[in-house]
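Input: a single structure, listed below in structure tokens.
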Amino acid sequence: MGAAQQHYLLEARQMQALSFAAHIPLVCFGTAFPALILYVEALWLRTGETLYRTLAQRWSRIMLTLFAVGVISGTILSFEMGLLWPAFTGTFGSVFGLGFAIEGFSFFMEAIFIGIYAYGWSRLSRRAHFLSGIPIVITGFTGSLMVISVNGWMNHPTGFVMQNGRATHVNPFHALFVNPYFWHELVHMYVAGYIVTGFVLAAVYAVARLRGRWTRYERTAFAIPMAVAALASPVQVLIGDWAARDVATMEPTKLAAFEGLARTTRGAPEHILGWYEPDGRIVWGIRIPRLLSTLAFHNPNAVVQGLDAVPANDRPPVNGVRISFQAMVAIGTFLAILGVLFLLVRWRRGRLPESPWFYRAVVLAGPLSLVALIAGWVTTELGRQPWVVYGVMRTSQAVTGAGGIPVGYATLAVVYLGAYLGLWWVLRRLAAAPVHT
Amino acid sequence: MIHLADWPLVFVLAGLVLYVVLAGADFGAGFWQLFAGRGRHADEVRDHAHDAMAPVWEANHVWLVFILTVTWTSYPRAFESIASTLSIPLFVAGIGIVLRGATYAMRSGGSSPRELRIIDSIFGVSSILTPFALGTAVGGLASLRVPVGNASGNLVTSWLNPTSIAIGVLAVATSAYLAAVYLAADAQRERSAELVDLFRRRALGAGVIAGAVAAAGIVALRFDAHRLFTRLLAGDAVALVAVSAVAGAATLALVVRRRFEPARFTAAATVAAVVGGWGVAQNPLILRNLTVSQAAASRSTLIAVIVAVVAGGIVLFPALALLFRLVLGGRLGHSAPADEHTARAVVRQSRPRLALRVAIALAVAGVALTNVADSPWAHGFGVCALLGFVIAGVWAVRPADLAAHPTRVRQSRP
């Protein structure tokens with residue numbers, strides 16, 4: 001694999017990261033929003049109260065708008081597989097490409113049924129309309145499954161043999177779906193979709209409450225996503241524990257970067273906060289003895305592999321990975337506490353929380369859940385560096401030899417900024433517009 | 001005889017035909033929005049073009065995603081070479097798709113005519129930019145200007161050459177033509193005589209121009225892509241070129257006679273025959289120095305792709321047919337009045353105490369299996385238990401009841 005000459009590798013990576021960061025929040029709404037809307041529609045079908053129908057109808061228009069933008073940011077991602085990383089796709093397309101090909105079908109089905117669902121409120125029978133929403137929920141899941149199977153393969157590549165720089169003995173099914181690494185990633189991301197959607201929606205209606213609008217409509221629109229997020233966010237802590245233990249065994253260098261563990265250590269400590277120095281120390285951190293070994297292997301005396309197990313040029317940038325990881329964990333913990341508080345109030349008092357501080361915290365939780373989502377992806381993607389395919393192909397070998405990356409990067413950044421401003425503008429319009437009832 | 005290595009390419013070309021026919025019509029709708037002019041008349045054209053697209057909206061770009069993914073899975077080396085050498089037109093097309101999609105999504109929020117005009121203008125410009133850029137990329141392939149390797153070809157002349165320009169312009173003209181035919185058919189179904197006339201005139205004009213551009217393109221090939229030129233006018237390919245010419249003429253005749261519904265299909269056949277002719281004429285080369293069989297992935301991958309595409313098609317096409325049936329039957333849209341719904345008398349009792357117990361049991365099982373146990377099977381069951389906990393939890397929390405009563409909600413109903 002001869003690497004192409006490319007002076008702008010870092011810009012190419014940033015451009016890819018920008019494209020993911022623009023796309024992933026929309027994916028969350030694509031996977032979780034349909035289920036919430038169907039829940040509301042089911043309430044309407046059961047009770048006949050028009051309030052539920054109004055809510056489901058308004059949400060379905062917002063879902064359609066978010067999905068439309070998600071389609072284009074997803075199309076850009078598939079372009080970038082070739083525009084930025086042609087050697088990656090050229091070498092391994094036969095191994096991982098099938099996942100994206102199937103995802104294409106899943107995406108298509110989702111697009112078809114979102115069209116039917118969002119435009120079918122008035123002239124489809126109630127039953128047909130409700131049923132047309134179910135494929136959206138299913139394809140949201142299968143789409144995540146396919147994309148994450150490719151990411152799981154990049155982190156833990158199997159299903160091929162490298163010979164003279166080419167992948168041979170390719171078994172795409174084995175590479176994508178018999179890979180032990182991908183299940184925790186899938187579940188972690190899928191649950192994250194519900195947390196992000198739940199908290200962002202809840203935050204919108206928490207703002208309404210703080211501004212004094214708190215009719216039954218707002219209360220319902222707040223309580224449903226909030227309940228889902230409140231239940232999903234403590235679960236995510238448990239899923240995260242499972243994910244970390246899989247990373248410890250299958251991608252030990254990434255785990256060492258999470259924790260800034262310079263040397264392979266028996267009974268390794270955990271550091272909270274702090275900064276990783278080039279000499280391998282963590283300064284300004286809170287040290288908790290043996291906690292890392294306990295968390296990673298359920299054994300306070302377990303040996304945890306450090307960064308020194310691999311040559312210096314095979315290590316990821318520790319501080320970037322570590323800060324992202326800690327940001328994700330910290331925000332995740334905050335969201336879980338907020339969720340548990342909501343559930344406690346519901347069980348002890350049998351009502352929604354009344355303190356304005358709770359609603360202020362939820363307003364904060366909306367954007368923070370997005371930060372945690374992005375930080376999680378930075379953790380896993382930056383933590384795999386310098387590899388694009390862990391241990392097999394470096395990111396520098398994958399990049400395009402074509403020029404003009406800075407121009408493309410700047411153009412895309414400006415266009416995405418404009419698109420997001422436009423999206424913000426239209427969402428505010430849709431939120432204010434009346435719904436036909 | 002089609003070999004195993006050729007089948008994915010057949011799918012790709014079929015995807016290309018569908019993309020040109022379906023997304024091309026979307027691009028063309030943007031084209032007509034841009035050139036609608038001003039005034040009430042123009043607003044009607046713009047609204048009609050937008051509404052006709054609405055339920056199918058941007059979903060047609062998924063065909064392009066299909067083309068890309070099948071190509072990189074089945075012919076990874078060719079994809080690497082194409083995407084790197086032709087990076088400029090592909091990037092421009094990508095930006096055009098972003099602008100189109102963003103302005104499409106924004107249109108539902110626009111209210112004043114001025115806002116709509118700005119949005120439609122950006123939409124229209126990107127609707128021309130995107131097919132033109134994609135057409136120039138196809139021209140680079142057709143004139144064999146893409147060699148094997150990561151950015152090995154000329155990054156500029158590979159898509160800025162007579163063949164590319166001809167195909168780029170042809171792509172725009174074809175889009176405008178297809179869109180005018182389809183919009184005339186939609187207007188006829190909606191019984192709007194004025195719009196029918198408007199789009200019929202546009203269809204005839206664009207059809208004649210598209211035919212002229214196609215003829216000029218053949219001349220361009222004569223000087224710029226001689227291999228393709230000679231092979232297009234010989235063997236199996238010439239039959240397809242003839243089919244295309246006949247179908248194109250038939251479409252014009254049908255439009256003249258206001259038979260727009262059959263014209264939809266002959267217009268699509270025109271495009272399909274051109275793409276098929278190109279595929280036959282260029283065979284067996286995929287790039288300047290790479291044949292289809294050299295570019296093909298291993299047997300196991302090709303079989304997996306073929307199985308996936310066939311299985312996917314079995315799921316997809318009925319769904320797509322349903323969508324088209326609903327759209328053409330006028331069953332989808334925002335504007336229609338809602339049906340009245342009477343409340344049902346019987347509301348089933350929910351059983352929060354049971355739900356609570358189930359949720360707690362699932363949570364305990366989930367923690368034990370996911371976080372205490374260490375085998376992959378335990379993790380699998382544990383995760384299912386945790387997801388079940390969330391579902392049972394929502395059932396137990398009863399958020400809608402919580403919101404319905406500002407005061408306390410009791411644990412169970414009498």
Side-chain angles (χ1 to χ4, degrees), chain A residues 4 43 47-48 65 68-69 71-72 75-76 78-79 82-83 86-87 89-90 93-94 97-98 100-102 104-105 107-109 111-112 115-116 119-120 122-123 170-172 187 219-220 223-224 227 231-232 235 238 241-242 346 350-352 400-402 408 415 419 422 426 429-430 436-437, chain B residues 55 58-59 61-62 65-66 68-70 72-73 76-77 79-80 83-84 87 90-91 94-95 97-98 101-102 104-106 109 150-151 155 297-298 300-301 304 308 312 316 319-320 323 331-333 336 338 341 343-344 347 367 370-371 379 383 386 390 393-394 397 399-400 402-403 408-409:
Chain A
L43 287 172
T47 65
T65 305
V69 180
V71 169
I72 56 174
T75 308
I76 288 298
S78 61
F79 270 70
L83 292 179
T89 317
S94 61
L98 185 68
F100 284 125
I102 301 175
F105 280 105
F107 198 30
F108 213 147
M109 293 292 286
I112 288 171
I116 294 175
Y119 287 97
S122 40
R123 280 182 249 178
V170 175
N171 183 339
V187 177
R219 291 198 304 269
T220 308
I224 290 168
L231 290 157
V235 164
L238 304 170
D241 166 65
W242 167 43
R346 195 259 170 266
R351 58 167 168 79
L352 293 171
T400 182
V415 168
V426 73
R429 281 286 174 91
L430 287 182
H436 300 288
T437 48
Chain B
E58 292 297 284
H61 287 305
V62 187
V65 173
F66 171 81
L68 294 177
T69 54
V70 173
W72 81 47
T73 309
R77 286 174 72 203
F79 181 82
E80 171 181 10
S84 53
S87 56
L90 292 176
F91 181 73
I95 292 296
I97 289 171
V98 173
Y104 177 84
M106 282 167 69
N150 183 349
L155 295 183
S298 64
S300 59
T301 301
L316 178 71
L320 206 57
L323 177 69
R331 302 279 296 279
L332 299 180
H341 178 42
R344 292 196 189 171
V347 174
V367 170
T370 314
N371 304 95
H379 291 161
V383 165
L386 288 177
V390 175
V394 173
V397 170
L402 210 54
R408 191 180 161 82
V409 177

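Predicted model, so just to flag it, every value in this text is computed and none were measured. So that the names make sense, note that chain A is the first sequence line, chain B the second, and so on, each numbered from 1.
- Most heavy-atom pairs under 4.5 Å with chain B, from the set A/Thr220, A/Val415, A/Ile224, A/Leu98: that is A/Leu98.
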Could you go through the side chain to side chain contact (heavy atoms under 4.5 Å, CB included) check for B/Val65 and A/Phe100 one step at a time?
CA-CA 9 Å; B/Val65 173; A/Phe100 284 125; over 6 Å; no
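- Only the side chain of B/Leu155 comes within contact range of chain A, judged by heavy atoms closer than 4.5 Å.
- Heavy atoms of B/Leu386 lying under 4.5 Å from chain A belong to its backbone as well as its side chain.
- In this structure, the side chain of B/Arg77 does not engage the main chain of A/Gly90 through any donor-acceptor pair within 3.5 Å.
- Between A/Arg219 and B/Ala403, the closest heavy-atom pair is NE-O, 2.7 Å.
- Counting heavy atoms from C-beta outward, A/Phe79 and B/Leu90 have side chains that approach closer than 4.5 Å.
- For the pair B/Ile97/A/Ile76, no side-chain contact is recorded, criterion being any heavy-atom separation below 4.5 Å from C-beta on.
- B/Phe79 pairs by the ring-ring contact (aromatic ring centres under 6.0 Å, His included) definition with B/Trp72, not counting sequence neighbours.
- The two residues B/Ala83 and A/Leu83 have their closest heavy-atom pair at O-CD2, 3.5 Å.
- Inter-residue side-chain proximity for A/Phe108 and B/Leu320 is flagged as met; some heavy-atom pair is nearer than 4.5 Å.
- Counting heavy-atom pairs under 4.5 Å between each of B/Leu316, B/Ile95, B/Val390 and chain A puts B/Leu316 at the top.
- For the atom pair CD1 (A/Ile112) and CG (B/Leu323), the distance works out to 6.0 Å, reported to the nearest 0.5 Å.
- The shortest non-hydrogen separation linking B/Val397 to A/Ala227 is CG1-CB, 4.0 Å.
- The candidate with the highest count of non-hydrogen atom pairs below 4.5 Å against chain B, out of A/Ala223, A/Ser94, A/Gly104, is A/Ser94.
- Proximity to chain B (any heavy atom under 4.5 Å) is shown, for A/Val170, by both the backbone and the side chain.
- At a 4.5 Å heavy-atom cutoff, the contact between A/Leu43 and chain B is made by side-chain atoms alone.
- Closest of all the heavy-atom pairs between A/Thr400 and B/Ser84 is OG1-CB, 3.7 Å.
- Without hydrogens or angle criteria, A/Thr89 side chain to B/Glu80 main chain gives no donor-acceptor distance under 3.5 Å.
- Closest non-hydrogen pair, A/Leu352 versus B/Leu402, comes out as CD2-CD2, 3.7 Å.
- Summarising the geometry of B/Leu68 relative to A/Ser78, their closest heavy-atom pair is CD1-OG, 3.7 Å, with the distance given to 0.1 Å.
- For the options B/Gly312, B/Ala297, B/Ala102, heavy-atom pairs under 4.5 Å to chain A are most numerous at B/Gly312.
- By number of non-hydrogen pairs under 4.5 angstrom with chain B, the leading residue of A/Asp241, A/Leu238, A/Thr65, A/Val235 is A/Leu238.
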